[in-house]
Amino acid sequence: MSAHGNAIKMQGKDVTVHYGDKQALFGVSLDVPEKMVTALIGPSGCGKSTFLRSLNRMNDTIEGCKVGGLLTLDDEDIYNPKIDVVELRARVGMVFQKPNPFPKSIFENVAYGPRIHGLAKNRQQLDEIVEKSLRRASLFEEVKDRLHEAGTGLSGGQQQRLCIARAIAVSPEVILMDEPCSALDPIATAKVEELIDELRENYTIVIVTHSMQQAARVSQRTAMFHLGNLVEVGDTEMMFTSPTEKRTQDYITGRFG
Amino acid sequence: MSAHGNAIKMQGKDVTVHYGDKQALFGVSLDVPEKMVTALIGPSGCGKSTFLRSLNRMNDTIEGCKVGGLLTLDDEDIYNPKIDVVELRARVGMVFQKPNPFPKSIFENVAYGPRIHGLAKNRQQLDEIVEKSLRRASLFEEVKDRLHEAGTGLSGGQQQRLCIARAIAVSPEVILMDEPCSALDPIATAKVEELIDELRENYTIVIVTHSMQQAARVSQRTAMFHLGNLVEVGDTEMMFTSPTEKRTQDYITGRFG
Amino acid sequence: MTDIALNPVASARPARRDIGLKRRYAAERRFKLYGIAAIAIGLFFLIALMYSVFSNGYTAFWQTEVNLTINLDPKIIDPDNKRATDPNVLLTANYPILARNALAEKLGVPTTNKPAMRELGKLFSEGVRGQLRELVVANPSLIGTTQSVWVLTGADIDSAFKGQIDLTVDQTRRKVSDQQVEWMNKLKGEGVMSQRFNTGLFTYGASSRPETSGLGVALIGSLYMMLIVLCLSLPIGVAASIYLEEYAKKSRLTDVIEVNINNLAAVPSIVFGLLGLAVFINFFHMPRSASLVGGMVLTLMTLPTIIIATRAALRAVPPSIRAAALGVGASKTQMVFHHVLPLAAPGILTGTIIGLAHALGETAPLLLIGMVAFVANAPVTPLDPSTALPVQIYMWANEAERAFVERTSGAIIVLLIFLAVMNITAIILRRRFERRW
Amino acid sequence: RDQVQVSGSSTVLPYAKIVAETFGETYPNFKTPVVESGGSGAGIKEFCKGVGEDTVDIANSSRPIKESELKSCADAGVKDVQEIRIGYDGIVFATDVKGPDWALAPKDIYTALAAQIVVDGKLVANPNTKWNQVNPALPDWDIAAYIPGEKHGTREVFEEKLMTSGCKTTGAADAIKKLGLDDKAAAAACVKIRKDGKAVDIDGDYPETLARIDANKTGVGVFGLAFYENNADKLKVATVEGVVPSTETISSGKYPVSRPLFFYVKKAHLGVIPGLKEYVDFFLNDQMIGPDSPLVEYGLVAAPDAERKAQRDAFAAGTTMK
Amino acid sequence: MSIFMVLVIVMAIATAGYFIGRQRAVSKEGGNVKPHSLPHYHGWWVFLASALPAVLFIAVWAAATGVYLERSAIAELPTRTADTVIASQSLELGMVSGIARGLDRLSDAERANLPQTFAELQPLLASKGVALATEGQDYMIPIAAEWNRNTAWASSIGGTVAIVLALAGAVFGLSGVNVRARARNNVERIILGALIAASAIAILTTIGIILSMLFQTITFFQSVSPSTFFFGTVWDPRFAAAGSGGSQGQFGLVPLLAGTLYIAFVAMLFAVPVGLFAAIYMAEYASRSVRSVVKPLLEVLAGIPTIVYGFFALVTVGPFLRDLSAALSGGYAFIQAQSVLTAGIVMGVMLIPFVSSLSDDIITAVPGSLRDGSLGLGSTKSETIRRVVLPAALPGIVGALLLTASRAIGETMIVVLAAGVAANLNINPFEAMTTITVKIVNQLTGDLEFNSPQTLVAFALGLTLFFITLAMNIFALYIVRKYREQYE
Ligand SMILES: Nc1ncnc2c1ncn2[C@@H]1O[C@H](COP(=O)(O)OP(=O)(O)OP(=O)(O)O)[C@@H](O)[C@H]1O
Ligand SMILES: Nc1ncnc2c1ncn2[C@@H]1O[C@H](COP(=O)(O)OP(=O)(O)OP(=O)(O)O)[C@@H](O)[C@H]1O
Ligand SMILES: [Mg+2]
Ligand SMILES: [Mg+2]
């Protein structure tokens with residue numbers, strides 16, 4: 001279905017999400033093509049994070065949250081009881097909206113994922129993974145002298161980059177990013193965008209962003225949400241130049257809300 | 001001293017801040033003119049939040065944090081032991097980088113400040129203040145049906161707007177905003193920017209932002225930080241068109257970091 | 001467009017990584033199992049303890065009584081007919097004889113048969129004296145009439161009635177004779193001897209006779225002490241924790257206080273008794289055996305528990321909440337009392353529950369301040385001599401008479417009910433405050 | 001203060017309790033005395049704290065007051081102390097009721113429980129593990145004796161009446177003397193109990209001993225006579241030197257192991273604390289401690305008539321110690 | 001005027017002050033000056049200004065006049081001579097106060113013609129239900145009457161002064177009410193003072209404990225040398241007392257200390273895993289309803305009197321372990337019924353809720369975002385708990401464990417019944433040992449002579465234990481500081 005001809009990595013069909021009585025998503029059908037960046041945009045509270053969290057079943061952890069419809073990864077229903085959530089999450093990694101480093105050292109924060117998944121055979125490999133991940137998140141230079149100090153002592157932006165590094169370190173197939181740059185300055189943002197571009201070669205990426213520019217810069221496909229509905233989805237270029245829906249157009253030009 | 005001719009509301013002279021052994025600010029001197037928006041920009045970790053927090057002595061709450069130099073509000077030294085910190089903070093309000101609503105209802109979150117400062121004579125006035133503040137933070141429409149549900153159940157952006165509403169509700173003289181829009185979508189951002197513009201008529205505002213565009217849009221003065229130093233400060237227009245410092249120029253054009 | 005299966009890329013997918021899922025899931029299951037096992041162990045011991053207490057103790061809530069038709073003979077109560085002038089006559093009259101005669105009549109024993117009458121006299125409790133006295137003093141006009149009264153049987157008969165005495169052994173080896181057992185069975189057959197709910201267990205004070213000894217004094221004493229402990233240790237403990245956690249600059253002094261408090265938690269409870277004796281009784285001259293002193297000693301003993309729990313709870317409140325409160329111009333005190341304390345409340349309540357439970361069950365410190373004592377008169381104020389529930393349990397556990405065995409367990413049940421009532425309140429409060437963020 | 005306060009021994013407590021309760025019932029104007037139980041030592045300590053409203057009036061004791069204690073008393077101002085002996089407490093051995101009959105003698109007890117005994121004329125660490133090794137007439141049971149712990153006054157009686165005399169009759173005393181110890185040390189060595197777990201000290205009260213025999217049916221326990229009588233359906237008492245312990249054999253002196261029980265009255269408080277004098281008089285009345293009294297029924301061994309009279313007279317005369 | 005009445009009046013004044021102060025503050029608002037404090041702070045400030053000094057004064061006055069009245073009554077007592085009947089002044093005074101109490105119950109008419117002799121007075125008071133001692137003297141009656149009069153006088157003066165103080169305080173507080181007055185700061189300063197006072201109680205308690213044991217400890221060390229006490233390996237104080245020369249070494253702390261640590265260790269070995277796993281299960285796995293049932297149920301374990309545990313160990317657990325070991329080894333019971341193991345297990349059961357409930361609260365308090373972070377990386381729940389949640393909760397859990405260990409060290413009844421009182425020194429957990437606490441309790445509550453070293457050793461033991469646990473706590477604090485992890 002992808003206009004780019006890429007295979008579909010993840011797919012949502014009529015996805016509905018309820019938080020207790022409150023419905024947050026009203027039947028969203030969206031495909032995520034492989035090795036591409038899909039951006040989710042839309043006004044605050046429209047359900048972007050909610051959809052994103054359904055993709056690796058992080059919604060399971062919220063009490064009273066019910067997900068309906070069909071969601072697949074490589075054609076497997078990820079809400080099938082037989083599916084393994086842990087493996088799913090290892091394959092579909094996530095970076096959250098609020099930076100949430102563990103109360104451990106910077107090194108341990110990044111090493112955590114590789115450790116539990118047994119990705120490093122020995123300490124040296126682990127060091128390598130950590131360094132590589134920190135570099136890719138453009139944090140290494142800033143923290144190389146204090147790898148063993150607490151990750152919580154970093155500035156907000158540094159913390160967020162740390163979380164990105166942590167997610168990259170387990171080399172997932174899909175990376176979900178919930179406004180990864182909202183706490184970053186332009187330079188760091190540019191670096192992360194570069195990184196996303198780079199990652200795209202091997203990984204599938206879904207990114208939630210508030211910045212139209214960012215969506216335009218990094219994504220190949222864009223999906224526009226509004227009030228829990230998917231308004232429009234399509235190639236980014238098309239979306240930003242000639243959106244079919246009036247609401248999209250209004251949103252992009254900053255005319256509605 | 002302000003180029004705009006406005007009186008100086010707050011002033012920092014040779015401000016230094018240490019976190020334990022680590023020095024985060026190295027002698028920053030910056031004036032905050034009254035009824036203007038001052039933007040602080042700079043790469044992540046450069047000390048913007050640190051400077052901002054010194055302005056209402058929120059640094060006092062961090063153990064091991066020492067502030068040196070002189071900081072004044074209306075020519076009064078705010079680090080003078082005689083000053084009442086509480087009153088200071090009521091006059092100099094703050095919105096934090098990470099949204100941090102109280103685990104109370106939305107209404108209570110906003111009503112808290114007016115309550116402790118006795119800004120409302122009766123319940124009706126309180127309702128009015130809450131509604132007005134929520135409206136100004138462009139949150140009211142979204143939450144008007146669930147004012148008495150938990151503020152922590154909101155989406156990230158909604159939480160941040162809630163925090164802005166909470167800060168506005170006590171009508172401070174100076175409002176410090178630490179990346180208030182980093183979690184907001186463009187429309188909400190535009191609204192907050194509008195709000196800031198509106199508030200400028202009566203209040204003095206200091207805002208930390210990562211978005212150059214935002215700084216350009218909302219602020220009249222911009223201060224550029226780097227590695228704990230103030231690199232340059234001046235009228236926003238000038239800063240963005242003809243910065244005197246090379247570093248500023250590089251930063252604005254995205255060339256350094 | 002949904003026909004993905006035909007897409008060639010799908011089949012060229014790299015093989016899945018091995019992230020040791022099998023092993024990790026086994027670990028997960030094991031971990032969860034440990035949790036269940038841990039709870040099961042805890043509950044198993046709880047049930048075992050409860051079973052041993054309840055199976056021994058439930059009988060204490062019923063007491064054997066015998067229904068007697070007593071002739072309140074003025075010749076015995078007031079032989080000289082002076083009750084109008086001398087109030088002491090009714091107080092000191094020989095009431096047990098009335099009961100004995102009534103019983104003799106019922107069983108057809110001639111009152112002249114002295115040895116039989118002695119045996120018979122032990123069928124019912126000496127407490128009948130007080131019971132009839134109360135009846136007559138309250139209403140002197142009853143004198144001369146015949147009243148049907150339920151009278152407590154003697155403790156040994158009660159034990160025999162409940163089957164707690166082995167009646168197969170030779171009668172010289174037991175406290176009830178064959179004759180008495182025969183009478184007992186006869187009365188039981190006639191339906192005039194039966195078990196009735198033992199209200200006395202809750203109202204009587206200490207007594208040397210098992211059947212008339214109850215927890216009245218101990219209940220009042222424990223109630224006073226718990227009120228004192230609650231009213232003192234909760235506010236003081238919370239206040240101290242707030243100071244240490246929120247106000248005090250981390251310094252040598254706060255370290256000293258912190259270590260000090262942790263250390264006080266390890267001080268054997270009897271040492272608090274020594275302290276109470278030295279300070280409250282010897283120095284401040286407070287009365288011995290008083291629940292006020294007991295309450296204060298237990299307060300000192302409970303404080304560390306509450307402080308430690310409260311500090312842990314305060315520490316768990318995220319700093320961002322504090323920043324938020326300060327940011328809108330709340331003073332530190334407002335921040336603490338409006339935001340931090342409510343969030344810490346569940347932890348504080350847990351500490352209080354555990355601390356109070358500890359205080360409620362403690363005997364050793366009370367030994368030294370004279371509360372492990374025989375106290376018959378119910379205390380009116382916390383300054384009067386009284387005992388406490390665990391003390392009564394301890395003292396009954398050391399009694400020789402068989403009938404005290406069930407009472408010991410019965411008293412434990414009462415203590416547990418007392419504890420339950422106390423805890424349920426706290427637990428309801430705790431649930432109200434509990435929330436995740 | 002309008003209430004008599006009594007502290008002291010937990011052995012005397014049951015008796016004091018009966019008296020206090022009856023006293024309260026008989027004199028409606030006086031409150032029932034408060035009787036604490038915390039041990040003789042602790043009781044006498046409180047008693048000797050001084051004279052005055054906030055000190056106790058009476059100390060119950062299961063042993064005579066010591067010289068040094070009297071001296072401390074006097075130092076604190078408690079100069080006149082009246083001693084009152086209320087009767088005797090028999091100390092008996094008992095086993096589970098289903099077991100065989102037991103007949104003990106001090107030498108059996110010594111040979112079974114002493115740390116060191118004489119074997120073939122030499123002093124050796126006690127090798128006995130079974131009662132029938134001690135005395136063939138005793139059953140083939142592992143030695144497991146539950147004896148009063150060191151904190152109990154009973155322990156002293158046990159040592160004095162059984163261990164010391166057993167030590168002498170078995171000839172161990174002579175053997176110990178030969179080691180060159182002085183008299184005091186020799187006496188102490190005589191009463192030394194083995195520490196290999198065969199003799200178990202019980203610091204709790206008799207119900208604990210009973211519980212231990214319940215848990216170990218071949219154990220032998222030491223009890224007070226009163227406790228035994230109340231639990232005779234569970235316990236079988238052993239004879240000592242052929243004498244069955246009972247109130248009669250003890251008061252006649254035939255049964256050797258018994259001890260007197262006391263209480264001490266502060267003379268200074270008599271007539272000053274309301275009810276104190278009345279309480280003591282009441283206690284000494286034959287209706288309370290005579291041969292047919294409730295205390296005796298509970299298990300107290302009444303003192304002979306003459307002794308009781310002497311106690312009453314001495315109290316009335318205000319005779320104090322020293 | 002009774003103290004109670006005065007207190008009520010003072011409180012009434014203060015409460016009125018609160019309302020007036022609040023009202024005044026409200027009425028002063030409205031200008032263009034921003035008020036410094038909320039009206040109710042002004043109210044509270046007036047309340048405190050009025051109540052606090054008055055109440056303090058009442059306390060001091062009551063204590064002082066009590067002493068003064070006693071002094072003056074004593075001064076009126078006839079001088080003590082050799083043949084004074086009543087042994088001590090305190091007793092005389094007690095009798096006088098008894099009479100005074102009795103006189104209070106009389107009606108005015110009866111008081112007007114008071115009998116002059118004790119012999120007449122006694123039956124009169126007896127009819128009012130006041131029992132007097134028999135030895136009362138005639139001279140005591142006027143003193144008692146005088147005492148009553150003085151008391152009434154003193155309390156009316158004190159009461160008046162207190163009320164005046166309350167009023168003055170209220171006026172002072174009210175006069176200070178204005179828009180910029182820092183009422184909140186004043187109130188908060190007083191709150192802070194109260195908080196500091198509360199934490200000072202901990203220090204005072206410690207001082208009290210040390211002082212209440214110090215003197216007897218010194219006396220003890222006068223007869224037993226510290227070195228034999230601290231380093232002796234034999235505990236047999238009775239034998240030492242009975243014997244002479246050379247038996248000094250019988251006061252050996254080592255076996256008791258070893259037993260204390262050993263039994264506490266075994267108890268912790270049982271309680272910590274069980275409690276911690278129970279806490280983890282309740283906090284992370286169990287549903288709300290299961291948790292709300294299980295948690296209070298486990299807390300019941302902390303409330304069962306320890307003597308119940310003791311008998312449980314004595315009649316159930318001990319024999320069970322003994323029989324079990326006999327069955328395992330085919331006859332020989334290698335576990336004694338009374339053993340370190342029995343005591344450890346049963347005490348461990350009691351300690352479960354200390355670990356589980358406190359840890360549960362602390363684990364629950366760890367922010368959810370940390371869990372999300374870990375789960376989002378594909379870790380299993382148990383990995384998240386073990387590697388993220390527990391480390392974050394560690395400082396709090398260590399606090400809970402310290403408290404648990406403290407309880408284990410301080411416990412007596414369970415040890416007495418489950419492990420016995422024999423002070424052995426061995427390393428076999430299947431044999432009996434005993435603890436310092438047990439010996440403290442037993443030496444203090446026995447029939448032993450109270451001023452002999454045998455009893456005094458209890459104080460030395462108590463003080464020693466106090467310092468040992470102090471050292472352990474300092475060490476623990478150091479460890480916690482070193483490994484503390486702060487989240488957010
Ligand atoms: N509590 C703290 N303890 C120690 N160091 C800190 C603390 N807070 C900040 N720092 C350090 O001080 C420096 C300045 O931090 P600050 O938070 O002011 O940066 P910032 O300019 O706000 O960055 P960002 O845009 O990422 O929020 C950073 O190097 C940071 O690591
Ligand atoms: N845990 C929750 N419980 C109840 N309602 C929730 C919860 N989380 C989100 N919601 C609600 O669901 C809706 C969608 O929320 P979501 O977080 O997906 O928004 P979003 O598009 O990510 O917004 P933002 O850009 O502000 O982060 C919102 O109305 C929000 O209030
Ligand atoms: Mg979101
Ligand atoms: Mg910042």
Side-chain angles (χ1 to χ4, degrees), chain A residues 49 52-53 55-64 84-105 108-119 149-153 156 159 162-163 165-178, chain E residues 276 279-295 359-400 479-488:
Chain A
S49 298
L52 201 73
R53 278 202 306 265
L55 290 176
N56 73 343
R57 294 185 55 178
M58 278 308 286
N59 276 334
D60 291 14
T61 61
I62 297 172
E63 217 167 310
D84 192 301
V85 199
V86 170
E87 198 186 0
L88 172 70
R89 296 202 188 122
R91 292 172 61 194
V92 184
M94 184 149 194
V95 177
F96 294 85
Q97 192 163 6
K98 284 190 203 177
N100 54 355
F102 302 135
K104 297 171 180 284
S105 73
E108 286 302 324
N109 259 286
V110 182
Y112 177 76
R115 274 227 176 101
I116 56 169
H117 296 312
L119 302 185
E149 282 170 34
T152 42
Q159 287 190 10
L162 180 62
C163 293
R166 188 173 70 183
I168 299 170
V170 296
S171 17
E173 300 167 29
V174 181
I175 303 177
L176 309 177
M177 295 184 169
D178 197 343
Chain E
L276 213 48
I280 289 169
Y281 189 83
M282 288 191 295
E284 299 281 344
Y285 288 103
S287 67
R288 255 184 96 81
S289 54
V290 169
R291 177 165 178 257
S292 65
V293 172
V294 170
K295 191 173 178 186
S359 305
D360 172 74
D361 286 331
I362 293 156
I363 292 173
T364 313
V366 173
S369 65
L370 290 184
R371 291 187 188 86
D372 286 352
S374 171
L375 291 174
L377 290 173
S379 52
T380 63
K381 212 156 178 177
S382 65
E383 285 162 350
T384 304
I385 295 164
R386 267 180 312 179
R387 311 179 82 144
V388 176
V389 177
L390 284 187
L394 199 66
I397 290 178
V398 169
I479 294 290
V480 173
R481 283 281 155 80
K482 206 166 161 190
Y483 295 103
R484 169 165 294 174
E485 291 182 341
Q486 179 84 37
Y487 42 82
E488 269 208 35

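The structure displayed is predicted, hence computed values, not measured ones. In what follows, every chain begins at residue 1, and chains take the letters A, B, ... in the order their sequences are listed.
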Starting at [atom1] of [X], measure out to [atom2] of [Y] and round the result to the nearest 0.5 Å.
X: E:Asp372; Y: A:Ile62; atom1: CG; atom2: CD1; result: 7.0 Å
X: A:Asn56; Y: E:Leu375; atom1: CG; atom2: CG; result: 9.5 Å
X: E:Lys381; Y: A:Thr61; atom1: NZ; atom2: OG1; result: 8.5 Å

State, with a plain yes or no, whether a side-chain heavy atom of A:Ile116 is found less than 4.5 Å away from one of E:Arg387.
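They are in side-chain contact.
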
Region of A:Val85 that comes under 4.5 Å of a non-hydrogen atom in chain E: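 The answer is neither part of A:Val85.
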
Task: Part of A:Phe102 lying under 4.5 Å from any heavy atom of chain E - done: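 The answer is both parts of A:Phe102.
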
Looking at every heavy atom in both [X] and [Y], which two are closest together, and how far apart are they?
X: E:Gly378; Y: A:Arg89; answer: CA-CB, 3.5 Å
X: E:Ser379; Y: A:Tyr112; answer: OG-OH, 3.4 Å
X: E:Leu370; Y: A:Pro103; answer: CD1-CD, 3.7 Å

TODO: Could you name each residue pair satisfying salt bridge (Lys or Arg N to Asp or Glu O under 4.0 Å) that touches residues 109-119 of chain A, not counting sequence neighbours?
DONE: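 Every salt bridge (Lys or Arg N to Asp or Glu O under 4.0 Å) pair that includes a residue of residues 109-119 of chain A, provided the two are not neighbours, is A:Glu108-A:Arg115.
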
Against chain E, work out which of A:Met58, A:Arg53, A:Met94, A:Arg57 has the most heavy-atom pairs shorter than 4.5 Å and name it.
->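 When all of A:Met58, A:Arg53, A:Met94, A:Arg57 are compared, A:Met58 has the most.
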
